[in-house]
Each structure stands twice: as C-alpha cells, then as structure tokens.
Colleague: 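Just passing along the structure, written as structure tokens.
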Amino acid sequence: MEAKLQWSLLGRRPAKPRPNIIALVVAFLLGFETFVAVADGYPLYMSFLALGASAWALVMGIQAKSLISFLFVPVALIWLNPLIGGDWFAEVGTTLFLAHSALAMLFAISGYTFQATERPAS
C-alpha cells in the first residue's frame, strides 16, 4: 500500500532535481519589467503572461501538494488591474516594483522546488 503524500510548504521534489527553465524565464521576465520605463501604459501581454503562468504554476503546485503555490492567487490577481483600466503600473514606483518582484520570487522558488523535473541519469 502506497503512503499518501502530505502537503508541505515546497511540495514534492524529484530525487535529482533539475530547475524548470520555463518558470525561471518567467521569473526573469517579470523581474526585468521593473527596470523598464513604462511609456504608453503597461503592456497587456505582461498581464496575460502573469495571469496565465500563475495559473499554470498553481495547478502544478496543487499536483505537487505545495502550500506555497497558493500564494500565486493573490499576487497574480494584482495583474487584473491593468486589464480593467487601472493605473497601478502606470509609472515605475513601489507598487510596480513590489508586485513584479513578489511574483518573480514566487516563480524562482517554484522553478527550483515543486516545478523542478527529474535530472536524466548520466
């Protein structure tokens, strides 16, 4: 009889983990956005990237039974503001920096923990 996997903070990891490159690229893109001056408003593709990638990370986190994956929900919901015409990301400031850095850190953590894949045997 197989033991049920219990929920943990970082979830299930492979024995020989390899970081998830896609999660790390998303973390880089979100973090890089804090260094770019906003010209004509916040780009919509970044909102869709943040929301879509967060949904993907949440699903993978639930499959890996990771408690930290539930933080993607409140942090990603911040990206609804530009989609409904809000101006939270209209200028480079505290809100833009904190939101982007929080989501980038979540993706970096998830890329090395519950989204990590098994390293091939060599």
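Bear in mind that the values here come from a model prediction, so they are computed numbers and not experimental data.
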Colleague: Mind listing the side-chain donor-acceptor pairs of residues 75-88 below 3.5 Å, one per line with the distance, residues two or more places apart or on another chain?
Modeller:
unit_1: W79; atom_1: NE1; unit_2: Y42; atom_2: OH; d: 3.0
unit_1: N81; atom_1: OD1; unit_2: D87; atom_2: N; d: 3.3
unit_1: N81; atom_1: OD1; unit_2: W88; atom_2: N; d: 3.1

Colleague: Does CE in M105 sit with more than 12 non-hydrogen atoms of other residues, nucleotides or ligands closer than 6.0 Å?
Modeller: no
Colleague: Under 4.5 Å between any side-chain heavy atoms of I62 and F114, yes or no?
Modeller: no
Colleague: Which atoms form the tightest heavy-atom contact between E118 and A15, and what is the distance?
Modeller: OE1-N, 3.6 Å
Colleague: Who else is in L98's hydrophobic cluster (ILVMFWY, side-chain heavy atoms under 4.5 Å, direct or via others)?
Modeller: F97
Colleague: Quick one: CG on L71 to CG on L58, what's the gap to the nearest 0.5 Å?
Modeller: 10.5 Å
Colleague: Check P17 against R119 and note the closest heavy-atom contact, atom names and distance.
Modeller: O-NH2, 2.9 Å
Colleague: Where do L30 and H100 come nearest, in terms of heavy atoms and distance?
Modeller: O-CD2, 3.3 Å
Colleague: Which distance, rounded to the nearest 0.5 Å, do you find between the OG1 of T117 and the NZ of K16?
Modeller: 12.5 Å
Colleague: Quick one: do F35 and V92 satisfy side-chain contact (heavy atoms from CB on, under 4.5 Å)? Show the steps, please.
Modeller: CA-CA 8 Å; F35 298 109; V92 176; over 6 Å; no
Colleague: Output all residues satisfying ring pair (Phe, Tyr, Trp, His ring centres under 6.0 Å) with F48, sequence neighbours left out; order by chain, then residue number.
Modeller: none
Colleague: Do other residues, nucleotides or ligands put more than 12 heavy atoms under 6.0 Å from F28 CZ?
Modeller: no
Colleague: According to side-chain hydrogen bond (donor to acceptor under 3.5 Å, both in side chains), does anything in residues 104-113 pair up with another residue at least two apart or in another chain? List the pairs.
Modeller: S110-Q115
Colleague: Quick check: is L29 connected to L51 through a chain of hydrophobic side chains (ILVMFWY, heavy atoms under 4.5 Å apart)?
Modeller: yes
Colleague: Which value, rounded to the nearest 0.5 Å, describes the distance between I109 atom CD1 and I68 atom CD1?
Modeller: 4.5 Å
Colleague: Among pairs that include at least one residue of residues 49-70, which meet side-chain hydrogen bond (donor to acceptor under 3.5 Å, both in side chains), considering only residues two or more places apart or in two chains?
Modeller: none
Colleague: Determine, using the 4.5 Å side-chain heavy-atom cutoff (strictly less than), whether F89 and M46 are members of one ILVMFWY cluster.
Modeller: yes
Colleague: Would a single hydrophobic cluster contain both W7 and V59, if residues Ile, Leu, Val, Met, Phe, Trp and Tyr are joined by side-chain heavy-atom contacts under 4.5 Å?
Modeller: no
Colleague: So, taking the atom named CG in L103 and the one named CD in E33, what distance separates them when rounded to the nearest 0.5 Å?
Modeller: 12.0 Å
Colleague: My understanding is that only residues two or more places apart in sequence, or in another chain, count here; which of them pass ring pair (Phe, Tyr, Trp, His ring centres under 6.0 Å) with F72?
Modeller: F107
